[in-house]
Amino acid sequence: MDHEPTRNLALDLARVTEAAALAAGRFMGRGDKEAADKAAVDAMRLVLNSMEIRGVVVIGEGEKDEAPMLYNGEHVGSEHAGPEMDIAVDPIDGTRPLAFGRTNSIATVAIAPRGTMFDPGPFVYMNKIAVGPEAKGKIDIELPVLDNLKAIAKAKGKLLEDLTCIILDRPRHDQLVAEMRHAGVRIRLIPDGDVAAALMTADPDSGVDALFGIGGTPEGVLSACALRAMGGEIQGKLYARNDDELRRGHEAGYNFDKILTMSDLVSSEDVFFAATGITDGELLHGVRYLSDGAKTQTLVVRGLTGTVRQITATHRWDKLKRLSAIDY
């Protein structure tokens, strides 16, 4: 061996997302997005602060005045020990699906060496294409939709009509959906859940071949962190919702014409990502509450080695609640 094995921080991140999922899962179907989000954030922050890292939240719940917990720029982890890391969090990817008892709500977090994650600032929307390993290197977000569909189909050895593309169900995608229907591909319209949808493209069992459309920039960074290890690819371009946002972006030095590649979104291979299912989905099972505990399923990935793990954990209330300050 040329090098000694380094610590896999993704396994520590599994504790972070498990805690968020266990706390937020109680709110499934109760119609209270704010309470669910607060439970997930509180749990995630507590466990992050137990890690031996010197972390700064680059992708968080918003600016400090709007998000008192896990805000952009907040320091978490140890003050004096551990590596310096950028942190991206989405305590609930799919808050509305969770609040209304629907599928594909997950808790996610990613970390990478300090200064390697793209900071979108206040510009929260991005046009994206994400694909799995077979179509990596074959997409170009500046090409027409049909050209990308043909390239993906060729790379995967499929007919166009055999492709399944996943898109957020929004009025802004009406033209995109029309073009895809004209091309004859299969379409899955989803209400929320950018990160889970992007990761499905790299999961051969999900049946999803590609993600298209305008979604969250923070979710794009999280997806890039995971897809680095899963062998897929995501491309994006910042999207301005109006002329004022475009002007402010240019004044702040953002380029809305630039293609954001995987390396732009997270420039280091030494990246770690974890996601735990809150509600059932194609990617992960949701939290199962038992009489004496709960079960969770977590996806854990490490960019440096390309290792992808699925962890099924059983949590015992009689032991966990004696040790944890989190209200499960």
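Heavy-atom basis, side chains included; hydrogens, waters and symmetry copies ignored. Keep in mind that this is a model prediction, so the values were computed, not measured.
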Tell me if a side-chain donor or acceptor on [X] pairs with a main-chain N or O of [Y] at a distance below 3.5 Å.
X: Arg316; Y: Gly293; value: no
X: Arg188; Y: Ala197; value: no
X: Lys128; Y: Gly216; value: yes
X: Asp264; Y: Thr261; value: yes

- Task: Look at the side-chain heavy atoms of Ile, Leu, Val, Met, Phe, Trp and Tyr, link any pair under 4.5 Å apart, and say whether Val58 and Phe273 land in one connected group.
- Result: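 No, because Val58 and Phe273 fall into different hydrophobic clusters, even though each may have its own neighbours under 4.5 Å.
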- Query: Quick one: do Leu11 and Leu9 end up in the same hydrophobic cluster if we chain Ile, Leu, Val, Met, Phe, Trp and Tyr together by side-chain heavy atoms under 4.5 Å apart?
  - Reply: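 No, Leu11 does not connect to Leu9 through the hydrophobic network.
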- Query: Can you list every pair that meets salt bridge (charged side-chain N to carboxylate O under 4.0 Å, His left out) and has a residue in residues 169-183, with sequence neighbours left out?
  - Reply: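 Salt bridge (charged side-chain N to carboxylate O under 4.0 Å, His left out) check on residues 169-183 returns Arg170-Asp192.
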- Query: Quick one: do Arg247 and Glu251 make a salt bridge, cutoff under 4.0 Å?
  - Reply: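 Yes, charged N to carboxylate O under 4.0 Å.
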- Message: Do the side chains of Arg45 and Glu74 get close enough for a salt bridge, i.e. N-O under 4.0 angstrom?
- Response: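 Looking at Glu74 together with Arg45, the answer is yes, because their closest N to O distance falls below 4.0 Å.
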Within the supplied structure, the quantity of interest is the number of heavy atoms (other residues, nucleotides, ligands) at a distance under 6.0 Å from [X] [atom1]; does it exceed 12?
X: Lys150; atom1: NZ; result: no
X: His285; atom1: NE2; result: no
X: Arg248; atom1: CZ; result: yes
X: Met28; atom1: CE; result: no
X: Lys154; atom1: NZ; result: no
X: Phe123; atom1: CZ; result: yes
X: Glu52; atom1: CD; result: no
X: Lys138; atom1: NZ; result: no

- Return the minimal non-hydrogen interatomic distance between Asp194 and Gly215, and the atom names on each side.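 Result for this residue pair: OD2-CA, 3.1 Å.
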- Message: For residues 231-243, which residue pairs pass the side-chain hydrogen bond (donor to acceptor under 3.5 Å, both in side chains) check, not counting sequence neighbours?
- Response: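 For residues 231-243, and leaving out neighbouring residues, the side-chain hydrogen bond (donor to acceptor under 3.5 Å, both in side chains) pairs sorted by first residue read Glu142-Lys237, Glu233-Gln235, Arg241-Glu245.
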- Applying side-chain contact (heavy atoms from CB on, under 4.5 Å) between Val89 and each of Ile111, Val76, Ile59, Leu48, report the one that passes.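 Result for side-chain contact (heavy atoms from CB on, under 4.5 Å) with Val89: Leu48.
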- Which of these, Ile92, Asp93, Asp280, Leu284, sits in a side-chain contact (heavy atoms from CB on, under 4.5 Å) with Ser105?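 It is Ile92, the one option of Ile92, Asp93, Asp280, Leu284 that forms the side-chain contact (heavy atoms from CB on, under 4.5 Å) with Ser105.
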- Message: Holding to side chain to side chain donor-acceptor pair (under 3.5 Å), I want the full list of residues that pass it with Thr217, two or more places apart in sequence or in another chain.
- Response: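 In terms of side chain to side chain donor-acceptor pair (under 3.5 Å), with neighbours along the sequence ignored, Thr217 is linked to no residue.
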